[in-house]
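Scroll down for the structure; my scribbles are underneath it.
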Amino acid sequence: MMAQSYSLVQLGFFSMLLAKSMAYIPIDSNWYDAHATFYGDMQGGETMQGACGYGDLFQQGYGLETTALSTALFNEGYTCGACFEVKCVNDPQWCKTDVKSITVTATNFCPPDYSKPDGNWCNPPQKHFDLSMKMFTTIAIYQAGIVPVQYRRVPCIKNGGVRFELRGNPYFLMVLVYNVANAGDVLSVRIKGSSTYWISMAHNWGQFWDTGLNLVGQDLSFLVTTSDGKALEFNFVAPSNWQFGQTYEGSLNF
């Protein structure tokens, strides 16, 4: 009995090690060229809210490890929630040498300014990261303002299950999907009430998805597909007495 228990402990230990090692395997091992600037202050001022819909980034679990993306990377909001490893390169004057890279989550949009075709780094087709000040100054000297970087997609590490925040009214339900692990960004969402079939939700903005079907008084289930094609069902996440303005957490994550 003791030998069996010891084997189970060993199995659990090695499973944790495997999960930890897999977390560092990039989604795309190739490095791509871009540039990075920063916005806001060291406490995250001006980085809250944003074009992905996450609101208070501390409350939602994203904190200061965030970035806004240029048009070329933002993909009309579909990239919201994706995680990137970013490193400062080819600028020994401004790149910090004691930090190899940072990992940030896409939570906002860096809008283009077509009145400055040569002076706005977020104009298409440029790939650009507008980092929080905390993240920028982790890899580069503050006075640099802008630095060349390389980036790659990496898995998002999350605690707990995927979360669904419900907004709207009985005739227009809008759902924010967040705390998504691994790929991080959502490709499609389907919803099912306890009295309906699966219904495709429309992409509204950021990571908000909507339907005009009245589902008040029904248990709600979701089928979420991430950008890597993986799909998970979250059955009966919201009970029949769910309320607008509330967040419901699934028992699963990617």
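Note: hydrogens, waters and symmetry copies are ignored here, and every other heavy atom, side chains too, is used.
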Taking the side chain as every heavy atom from C-beta outward, state whether [X] and [Y] have any atom pair closer than 4.5 Å.
X	Y	result
L166	V175	yes
Y178	Y62	yes
T226	N182	no
F38	T137	no
Y142	M133	yes
V237	W242	no
P148	H35	yes
L73	Y32	no

Backbone N/O of [Y] and side chain of [X]: donor-acceptor pair under 3.5 Å:
X	Y	value
N253	G160	yes
T196	G193	yes
D210	L173	no
S132	L64	yes
D130	F109	no
N75	Y78	no

**Prompt:** Quick one: does NZ or CZ of K127 land under 6.0 Å from the six-membered ring centre of Y151, within 45 degrees of the ring axis?
**Reply:** no
**Message:** Check whether F84 forms a cation-pi arrangement with R153 (NZ or CZ under 6.0 Å from the six-membered ring centre, at most 45° off the ring normal).
**Reply:** yes
When rounded to the nearest 0.5 angstrom, what distance separates [atom1] in [X] from [atom2] in [Y]?
X	Y	atom1	atom2	result
S101	I139	OG	CD1	8.5 Å
T211	N204	OG1	CG	11.5 Å
L131	Y39	CG	OH	9.0 Å
I199	L223	CD1	CG	12.0 Å
F236	L220	CZ	CG	10.5 Å
E85	I102	CD	CD1	9.5 Å

**Prompt:** Where do S240 and Q218 land on the side-chain contact (heavy atoms from CB on, under 4.5 Å) test, with the steps shown first?
**Reply:** CA-CA 4 Å; S240 59; Q218 298 186 46; 5.9 Å; no
**Prompt:** Taking all non-hydrogen atoms of both residues, which atom of P26 and which atom of S29 are closest, and how far apart?
**Reply:** CG-CA, 3.8 Å
**Request:** For V216 and N214, work out which heavy atoms get closest and say how close.
**Result:** N-OD1, 3.1 Å
**Request:** Please step through side-chain contact (heavy atoms from CB on, under 4.5 Å) for the pair C110 and F74, ending with a clear verdict.
**Result:** CA-CA 8 Å; C110 182; F74 191 66; over 6 Å; no
**Item:** Criterion side-chain contact (heavy atoms from CB on, under 4.5 Å) on L232 and V224, from CA distance to verdict
**Value:** CA-CA 6 Å; L232 282 179; V224 178; 5.7 Å; no
Treat each ILVMFWY residue as a node, draw an edge where side-chain heavy atoms are under 4.5 Å apart, and state whether [X] and [Y] are in one component.
X	Y	answer
L215	M174	no
L252	I191	yes
F58	L176	yes
F164	F208	no

Does atom [atom1] of [X] have more than 12 heavy-atom neighbours from other groups under 6.0 Å away?
X	atom1	value
F244	CZ	yes
N241	CG	yes
E65	CD	no
K134	NZ	no
E76	CD	no

Going by atom types only, do [X] and [Y] share a side-chain donor-acceptor pair under 3.5 Å?
X	Y	result
W209	Q207	yes
Y54	Q60	no
Q126	S70	no

**Message:** Run D228 and I27 through side-chain contact (heavy atoms from CB on, under 4.5 Å) and show every step you take.
**Reply:** CA-CA 9 Å; D228 57 357; I27 293 175; 5.9 Å; no
**Request:** Anything under 30° is parallel, anything over 60° is perpendicular, the rest tilted; go ahead and classify H128 against W121.
**Result:** parallel
**Item:** Residues R163, E165: salt bridge by 4.0 Å N-O rule
**Value:** no
